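All remarks here apply to the structure that follows.
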Number of protein chains: 2
Amino acid sequence: MVRLSKRVEYALLAVQAMAEQAHALLSARDIAARNHISQTLLAKVLQQLAAAGYVRSNRGVNGGYTLAQSATTISVADIVQAVEGPDMALVDCQGSADHECTAEHVCTIREPLAVLQERIVATLASMSVAELANAKHLVPLVIEQQH
Amino acid sequence: MVRLSKRVEYALLAVQAMAEQAHALLSARDIAARNHISQTLLAKVLQQLAAAGYVRSNRGVNGGYTLAQSATTISVADIVQAVEGPDMALVDCQGSADHECTAEHVCTIREPLAVLQERIVATLASMSVAELANAKHLVPLVIEQQH
DNA sequence: CAAAAGAGGACTAAAATAGTCGTATATTTG
DNA sequence: CAAATATACGACTATTTTAGTCCTCTTTTG
């Protein structure tokens, strides 16, 4: 399914929070509590974001995380790729190399799906973390039927 | 990850084959053999496509499947939704109803992700089965380094 | 009626994801 | 310096999803 993992979901919640409170240090504990999610799992995701350079971490008492860049320069695609790894592939035979697209298994959807994949990445890149954070305020809070 | 399941992959291989040999009846066995994939699993996927009205099935000896519509009117999004179910949701709290977005778990990325989801579906809808089938012929067969 | 093909349910196996635990390291504060 | 708080990171477990198989039934054609 075209679906984001919990790790990505947590990462998005985290960067959204950081974008709202720029210049503040938010701890994994705070963000986890605010969103009712696992603290340790979130911490790992934040470490990935730090390793990818989107987040700066500060250890020790009163430590925490901040965005390492402007929220306008980080896209949802960046976050997804930082957390899931860069070789996002719609199907197996798209990956960087040595996948099962061998002589006997010539998958005929390889090229068209490569095109689709590019478009999807572009779509994910079309939304910045700043937009992710602002949408919350901009979109009118419609009371829905269900839910 | 943003990734298609094997079921979708098989469905795409099948409709691609049917688009190429329009008006022919292709059996699940044939398509499975051609692509070196599980016949029974493919058969189930084809049944889903038939139930969704994209494919017409014919039982009995010399039976098989054909596209029920022109390849130009069926999109990749149609196939994905027929196989994965219509409630494609990037995250849990997008689904049609009663998901975990309760009073205590107010997920703040709900609205922006709904927007992203629409864009992704639109992206998948941007490629028809006809294009999926033609790309194979149009794209020059580049000999790649690896693979 | 026999063979070939689809329909469909129940079930098993494998892989991916989610989540936990323990320990180490860094930083601040009293 | 000691205690408290926070990140870093590896190993591990549990859960869920996905992939795939098996068996039985129905339909169609020769």
Side-chain angles (χ1 to χ4, degrees), chain A residues 1-11 13-14 18 24-33 35-52 54-66 68 80 83-85 87-92 95 99-100, chain B residues 1-11 13-14 18 24-33 35-66 68 80 83-85 87-92 95 99-100 105:
Chain A
M1 167 114 48
V2 181
R3 184 179 185 75
L4 301 180
S5 65
K6 291 281 178 196
R7 298 175 71 95
V8 169
E9 184 179 338
Y10 294 171
L13 287 169
M18 289 186 265
L25 277 183
L26 299 183
S27 69
R29 184 203 252 251
D30 288 343
I31 301 174
N35 293 288
H36 304 90
I37 61 183
S38 158
Q39 175 182 339
T40 50
L41 187 51
L42 172 66
K44 297 207 157 171
V45 171
L46 283 164
Q47 283 162 33
Q48 290 182 281
L49 294 182
Y54 297 119
V55 147
R56 193 173 303 117
S57 70
N58 293 82
R59 291 189 173 190
V61 178
N62 299 324
Y65 301 87
T66 359
V80 171
V83 172
E84 304 268 14
D87 24 289
M88 225 177 25
L90 280 186
V91 290
D92 277 336
H99 277 290
E100 55 202 69
Chain B
M1 168 112 47
V2 182
R3 181 177 187 75
L4 301 180
S5 65
K6 290 283 179 196
R7 297 175 71 92
V8 170
E9 184 180 338
Y10 294 171
L13 286 169
M18 290 186 265
L25 276 182
L26 299 183
S27 69
R29 183 203 253 252
D30 289 344
I31 301 174
N35 293 287
H36 304 89
I37 61 183
S38 158
Q39 175 182 340
T40 51
L41 187 52
L42 172 66
K44 299 209 158 172
V45 171
L46 283 165
Q47 284 164 31
Q48 289 182 283
L49 294 182
Y54 298 118
V55 147
R56 192 175 304 118
S57 70
N58 293 82
R59 290 191 175 188
V61 178
N62 299 323
Y65 302 86
T66 359
V80 171
V83 172
E84 304 269 12
D87 24 287
M88 227 181 20
L90 280 185
V91 290
D92 277 336
H99 279 288
E100 55 202 70
H105 181 93

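Residue numbering restarts at 1 for every chain, and letters A, B, ... go by the order of the sequence lines. Quick caveat: nothing in here was measured; it's all calculated off a predicted structure. Values reported hereafter were calculated over all heavy atoms of this structure, with side chains retained and with hydrogens, waters and symmetry mates removed.
When rounded to the nearest whole Å, the span between CD1 of B:Ile37 and P of D:dA19 equals 12 Å. Note: CD (B:Glu9) to P (D:dT18) measures 14 Å, nearest angstrom. A:Leu4 places its CG atom 18 Å from the P atom of C:dA16, with the value rounded to the nearest Å. One can place CG of B:Leu41 at 19 Å from P of C:dC11, the figure rounded to the nearest angstrom. Distance, A:Lys6 NZ to C:dG19 P: 6 Å, rounded to whole Å. Atom P of nucleotide D:dA6 and atom CG of A:Leu25 are separated by 11 Å, given to the nearest angstrom. The interatomic distance linking B:Arg56 (CZ) with D:dT28 (C1') rounds to 17 Å, in whole Å. The CD atom of B:Gln48 sits 12 Å away from the P atom of D:dA19 (whole-angstrom rounding).
The shortest non-hydrogen separation linking A:Tyr10 to A:Leu41 is CE1-CD2, 3.7 Å. Shortest non-hydrogen contact noted between A:Leu42 and A:Ala28 is CD2-O, 3.4 Å.
Using a 4.0 Å cut-off, some side-chain N or O of B:Tyr10 falls inside it from OP1 or OP2 of D:dG20. Side-chain N/O atoms of B:Ser38 include none lying less than 4.0 angstrom from OP1 or OP2 on D:dA19.
Taking CD of A:Glu84 as the start and CG of A:Leu4 as the end, the distance is 7.5 Å to the nearest 0.5 Å. Here the CD1-NZ distance, from A:Ile37 to A:Lys6, works out to 9.5 Å after rounding to the nearest 0.5 Å.
Checking C:dA3, D:dG20, C:dT28 against every side-chain atom of A:Asn62, the shortest atom distance belongs to C:dT28.
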Check the interface with nucleotides 6-8 of chain C: list each N/O to N/O pair with the protein under 3.5 Å, or write none.
{"from": "C:dG6", "atom 1": "OP1", "to": "B:Ala28", "atom 2": "N", "distance (Å)": "3.0"}
{"from": "C:dA7", "atom 1": "OP1", "to": "B:Ser57", "atom 2": "OG", "distance (Å)": "2.9"}
{"from": "C:dA7", "atom 1": "OP2", "to": "B:Tyr65", "atom 2": "OH", "distance (Å)": "2.9"}
{"from": "C:dA7", "atom 1": "O4'", "to": "B:Arg59", "atom 2": "NH2", "distance (Å)": "2.9"}

Check: residues 44-61 of chain B side-chain donor-acceptor pairs under 3.5 Å, at least two apart:
{"from": "B:Gln48", "atom 1": "OE1", "to": "B:Arg7", "atom 2": "NH2", "distance (Å)": "2.7"}
{"from": "B:Gln48", "atom 1": "NE2", "to": "B:Val83", "atom 2": "O", "distance (Å)": "3.2"}

